[in-house]
Amino acid sequence: MVDYDSARDGFDWYRDGFSQLDWLPGGGLNNAYEAIDRHVAHGHGDKLAMIWVGKNGEEERYTYSDMKEQSDRFGAVDEWLGIERADKVFIFMDRLPELYIAALGVLKAGGVIGPLFSAFGPDPVLDRMVDAGARFLITTPELRNKIAEILPKVETLEKVIIADKDGRSGEPLAEGDLDYYTLMSEADSSGFQIADTSQYDYSIMHYTSGSTGKPKGVLHRHQAVVQQYMTGKWCLDLNFDDMFFCTADPGWVTGTSYGMMAPWTNGVTNLIYEGGFGANAYYDLIDKYKVTVWYTAPTAVRLLMRAGSGPVESHDLSSLRFIASVGEPLNPEAVVWGNEQFNMAIHDNWWQTETGAIMCSNYASMEVRAGSMGRPVPGIEMAVLDEDYNPMPPGQAGILAVRPGWPAMMHAYWRQDEMYASRFKKGWYITGDQASLDEDGYFWFQGRADDVINTAGHLVGPFEVESALIEHAAVAEAGVIGKPDPIAMEVVKAFVTLNPDYEWSTDLRRELMQFTGERLSPAIAPREIDVLDVMPKTRSGKIMRRLLKARELGLPEGDISTLEDD
Ligand code: AMP
């Protein structure tokens, strides 16, 4: 994007966006075709699509032709297994090449992928698979073992496909399971045809957390690909020759929209790293593979800042051309630090699972306002609303809202129509965030409007953690809040009351932390747990998390007229 104002002026998704896609013969749209096959059709089959680096430094390289051939093969496996349009296929895997190939194959077969974060314990996997009615699960032996106890409870589940990469686990297949590599080698993809999905067919289902109730399954459609493609250009500055590195896991929306769709639709080489965060590990990758565009998250940036300039200086990072960040507010200090260390600003952008793609961004061609999430993407109308859902003038904090109808907008919360409807008011989609707008059209994040906790960029529904805690015999009630933290932005803090016959102790606290870590995931389990004699609740019985938070932080308690009498 050379100039923001002219790109935005009169932009029309159909005339100026969808027209840049190839579409399927007959007018259908399939995002795996747009990501991979069309580059092969355009003569770029030999171009590198994916460089995969394993956690032990192993490396595999795949051209666009390789990706097409392998995802066709997996598509043929899907057909053979009887995967039908809109079937939910869950993928519970570390960042292995098989994850990406299977995901593309399922999309080609017309199925809907449900990627799950591999650090999840059995509870979140069970909740999500049961809610979605999952028919198939693709996983690894280690992860299958972790959730073995819940699999029989997923009544809709027909088959489990196991990818034991390089025989890493050395374990035999469990009875009834299918081996990924055998399926692939036996599949006949010679006559494989991509399902004739339309732009309105479902493609991906990601779960997101709310403040009450179980996580919601957010359904996206194939047409989201146009926005992922365009924002790849506009907000990540992707060009055909880029080496792109996105640190997000496909268990979260950034890892699919920008770990797969945006880079591949733009024909770039996508560097995928199986390992987790590490300043040296990241800099090694940038140095070795000459990464040009890097998309990461504020937590990672804060950890890089903590690691200091030593690791920066001991690497050659001169290939880097553009850095972007998403998931939480990017502190102004981080932008300043990025300028000092990398000689370029870190570009913050804003979006969420429900929006499917970037909505508001700092752009390469525009001055970065440190601390701001930038300006709306062309074709997107955003506003700050007052309590009556009317737009407010610049300078005041209010409800961040978007005009519905953008291409990557979620189409449903799976089986939660009322919840879906409640997100739309007076012709606006209500994001759940608070923000303000300045005179020049830049948006500034102010906070969340609900109790959802943002820990290291992961949204955590307090209810899910509370539910896990009360599964423990000692816990009577639990209330969970986000407590400010310099690295993770917020950490999960829990308050519990105990059942009779249980005494509070440091051992019990440790046991509860371990218990929830195993049930949920260490990433979203409480970092702190305190005991209370009485849980503050409203007269209608709702835990007053707001009050727990105010008391924890020593802030005014506000209106407590609805507080239940002790
Ligand atoms: P998720 O749906 O898990 O991707 O989380 C979306 C939420 O993360 C948003 O509603 C915000 O609360 C937060 N978020 C994402 N990007 C930003 C950003 N650039 N600045 C501030 N908060 C952000």
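We count ligands from 1, going down the list as the structure has it; atoms in each ligand are counted the same way. As the structure is a computational prediction, the values presented were derived from the model and not from experiment. The analysis underlying the following values was restricted to heavy atoms, covering all of them including side chains, and did not include hydrogens, waters or symmetry mates.
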Ion pair check, K483 and E490, cut-off under 4.0 Å:
no
Under 4.0 Å from one or more heavy atoms of V326, ligand 1 contributes atoms 16 (N)
Only heavy atoms of N454, strictly under 4.0 Å: list the atoms of ligand 1 that pass.
8 (O), 13 (C)
Do NZ/NE/NH1/NH2 and the carboxylate oxygens of R128 and E464 come within less than 4.0 Å?
yes
At a non-hydrogen distance cut-off of under 4.0 Å, which region of V452 contacts ligand 1 (side chain, backbone, both, or neither)?
neither
Test of understanding: given a 4.0 Å heavy-atom threshold, classify the contact between W350 and ligand 1 as side chain, backbone, both, or neither.
both
Of the backbone atoms (N, CA, C, O) and the side-chain heavy atoms from C-beta on, which set of W351 has a member under 4.0 Å from an atom of ligand 1: side chain, backbone, both, or neither?
backbone
Parallel, tilted or perpendicular for W264 and Y100, by the 30°/60° rule?
perpendicular
Test: side-chain hydrogen bond (donor to acceptor under 3.5 Å, both in side chains). Region: residues 373-398. Which pairs qualify, not counting sequence neighbours?
E381-R403
Does ligand 1 have an atom that lies less than 4.0 angstrom from a heavy atom of G432?
no
Just need the protein heavy atom nearest to atom 19 (N) of ligand 1, so name the residue and atom and give the distance.
N349 O, 2.7 Å
Short N or O distance, S325 and ligand 1, threshold 3.5 Å exclusive
no
Which label fits W351 and Y258: parallel for a plane angle under 30°, tilted from 30 to 60°, or perpendicular past 60°?
perpendicular
Considering only non-hydrogen protein atoms, determine which one is nearest to atom 2 (O) of ligand 1 and report residue, atom name and distance to 0.1 Å.
T353 OG1, 2.6 Å
Protein contact of atom 12 (O) of ligand 1 - nearest heavy atom, named by residue and atom, plus distance
D433 OD1, 2.8 Å
Could you work out, with ring pair (Phe, Tyr, Trp, His ring centres under 6.0 Å) as the rule, every residue matching W406, not counting sequence neighbours?
Y429
In plain terms, say whether R448 and E328 are close enough for a salt bridge, that is, a side-chain N and a carboxylate O under 4.0 Å apart.
no
Charged N to carboxylate O below 4.0 Å: is that the case for K216 and D131?
no
Could you tell me the residue and atom name of the protein heavy atom closest to atom 13 (C) of ligand 1, and the distance to it rounded to 0.1 Å?
G327 O, 3.4 Å
Closest protein heavy atom (residue, atom, distance) for atom 21 (C) of ligand 1
P329 N, 3.1 Å
Atom 6 (C) of ligand 1 - nearest protein heavy atom and its distance
Q352 CB, 3.3 Å
Between R448 and ligand 1, find which residue part has any heavy-atom pair under 4.0 Å and reply side chain, backbone, both or neither.
side chain
Considering only non-hydrogen protein atoms, determine which one is nearest to atom 18 (C) of ligand 1 and report residue, atom name and distance to 0.1 Å.
E328 O, 3.3 Å
heavy-atom search around atom 3 (O) of ligand 1 in the protein gives L459 CG, 3.4 Å
Y413 vs Y420 aromatic rings, parallel, tilted or perpendicular, using cut-offs 30° and 60°?
perpendicular
Ion pair K55/E274, N-O distance below 4.0 Å
yes
